[in-house]
Amino acid sequence: MSVVGDGTECGDGGVDEPGWEVDPDDESGAAVVAAVVAAVGRQIKAWREAAGMRACELGLALGYGEDLVYKVEGGRRIPRPEFMDGVDRAVGAGGKLAAMKSDLAEVRYPKKIRDLAKLEAKAVELASYGSHNLHGLLQTEEYARALLGTRRPVLPPDELERALAGRIARHSIFDRAPAPELSFIQEEASLRRPIGGVVVWRRQLERLLILGELPFVDIQVMPTCRWDHPGTGGRIQVLKFADGSAVGRADDEFAGRPISHPKQLRILELRYGVIGARALTPEESRAFIEQVLGET
């Protein structure tokens with residue numbers, strides 16, 4: 001599924017923080033996507049015909065072509081939120097079509113992003129150690145776009161836009177009430193690499209300082225000079241939920257797959273705790289980030 005420049009999305013694909021998906025070959029998921037999109041398309045067609053409008057007239061009212069309208073109605077395009085709002089007004093649906101945006105939101109992003117976003121939305125605690133790149137929740141949109149642009153093979157523009165939209169949508173976690181406890185440990189290298197150029201890099205560092213001021217967010221820096229820390233195996237992330245359950249993963253443990261068994265989780269929590277003890281404190285980390293920002 002990919003974003004195209006006509007207010008819709010199509011196809012499959014998308015890349016973002018791999019490792020959380022339970023079934024990477026989820027054919028049933030694709031079937032659900034197709035069913036939802038087809039149902040929305042039928043509703044749009046029914047409302048258009050009830051309003052006595054031809055497809056070309058609806059397209060003209062929305063600023064899109066007739067062919068696009070037919071593709072949406074036939075379930076071959078996923079309409080974006082602004083498209084649904086425009087159709088709702090044009091056919092006089094009184095909010096009934098616009099209300100289907102929530103259904104489309106469930107299938108708009110790649111399955112692995114949807115799964116991760118759902119976990120983050122339920123989590124009461126999140127702990128993340130990042131070795132190479134900043135965690136997706138910490139990234140500015142400009143930084144995320146530039147970072148995704150470094151992928152090889154290069155992501156097609158439509159897939160990049162879709163992956164970017166999915167990543168930025170997850171930032172709603174900072175607006176939750178009650179807020180979850182969020183803990184991030186980042187390697188010094190991830191702060192010093194000027195992804196996107198100096199301007200984008202500076203704005204990213206400023207974003208870290210802003211997020212670090214939130215009472216429920218701790219950001220720590222692991223200095224490169226620390227040789228005695230157990231984080232050289234790659235990323236670690238643990239999410240805990242209100243019912244006492246948890247899920248975690250690490251690049252170099254359990255084949256990189258999500259785990260939820262208490263004994264396995266204890267290994268990740270132990271390693272994360274030792275990494276945090278070796279890293280700078282949140283206060284020292286803030287001063288460090290300010291220093292790096294001043295050097296740019």
Side-chain angles (χ1 to χ4, degrees), residues 1-16 26-118 121 140-142 144-146 148-149 151 154-173 175:
M1 185 163 48
S2 50
V3 180
V4 292
D6 54 15
T8 64
E9 302 168 15
C10 63
D12 293 313
V15 180
D16 192 1
D26 179 34
E27 296 181 359
S28 63
V32 171
V33 171
V36 171
V37 176
V40 171
R42 289 193 296 270
Q43 286 294 314
I44 292 174
K45 181 178 181 180
W47 278 96
R48 173 179 64 78
E49 293 178 342
M53 298 181 72
R54 294 180 295 172
C56 61
E57 294 172 328
L58 178 58
L60 183 63
L62 299 175
Y64 298 121
E66 177 182 8
D67 182 59
L68 174 62
V69 174
Y70 282 130
K71 287 179 179 178
V72 170
E73 292 181 348
R76 299 190 302 278
R77 285 289 190 274
I78 300 179
R80 300 181 72 183
E82 58 269 27
F83 186 96
M84 295 298 294
D85 289 335
V87 172
D88 192 279
R89 290 191 297 268
V91 302
K96 293 182 176 62
L97 288 176
M100 301 184 79
K101 291 186 294 185
S102 59
D103 299 308
L104 293 169
E106 287 292 313
V107 299
R108 181 166 292 115
Y109 307 122
K111 181 181 182 296
K112 61 183 67 175
I113 301 177
R114 296 199 308 271
D115 291 346
L116 178 55
K118 287 178 180 178
T140 66
E141 183 170 349
E142 294 173 310
R145 180 187 296 278
L148 288 166
R151 294 284 179 86
V154 175
L155 289 176
D158 53 0
E159 290 188 21
L160 188 149
E161 291 298 328
R162 182 171 174 244
L164 177 65
R167 183 167 299 185
I168 299 306
R170 290 164 46 209
H171 290 186
S172 61
I173 193 172
D175 301 320

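The basis for the numbers below is simple: all heavy atoms, side chains too, and nothing from hydrogens, waters or symmetry mates.
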Would you say the side chain of R151 lies within less than 4.5 Å of the side chain of L160, judging by non-hydrogen atoms?
-> no
Could you tell me the separation between the NZ atom of K96 and the CG atom of D88, rounded to the nearest 0.5 Å?
-> 8.5 Å
Who pairs with L60 by side chain to side chain contact (heavy atoms under 4.5 Å, CB included), at least two apart in sequence or on another chain?
-> none
Please report the shortest heavy-atom distance between A55 and Y70, naming the atom on each side.
-> CB-CZ, 3.5 Å
Set of side chain to side chain contact (heavy atoms under 4.5 Å, CB included) partners for E141, sequence neighbours left out | R145, L164, I168
Value rounded to 0.5 Å, distance of NZ in K71 from CZ in R76 = 7.0 Å
Indicate yes or no: at least one non-hydrogen side-chain atom of V40 is less than 4.5 angstrom from one of P79.
-> yes
Atom CG of L58 and atom OH of Y64: how far apart are they, to the nearest 0.5 Å?
-> 11.0 Å
Rounded distance [0.5 Å steps], CD in E82 versus NZ in K101 | 9.0 Å
Using atom types as modelled and distance alone, determine if a side-chain donor or acceptor of R48 lies under 3.5 Å from a backbone N or O of M53.
-> yes
Please identify each residue that fulfils salt bridge (charged side-chain N to carboxylate O under 4.0 Å, His left out) with E57, with sequence neighbours left out.
-> R54
Straight-line distance of Q43 CD to M100 CE, nearest 0.5 Å | 5.0 Å
Stepwise side chain to side chain contact (heavy atoms under 4.5 Å, CB included) check, F83 with V72 | CA-CA 10 Å; F83 186 96; V72 170; 3.9 Å; yes
At what distance, to the nearest 0.5 angstrom, does CD1 of I173 lie from NE2 of H171?
-> 10.0 Å
Can you name the nearest heavy-atom pair linking V91 to A51, along with the distance?
-> O-CB, 3.9 Å
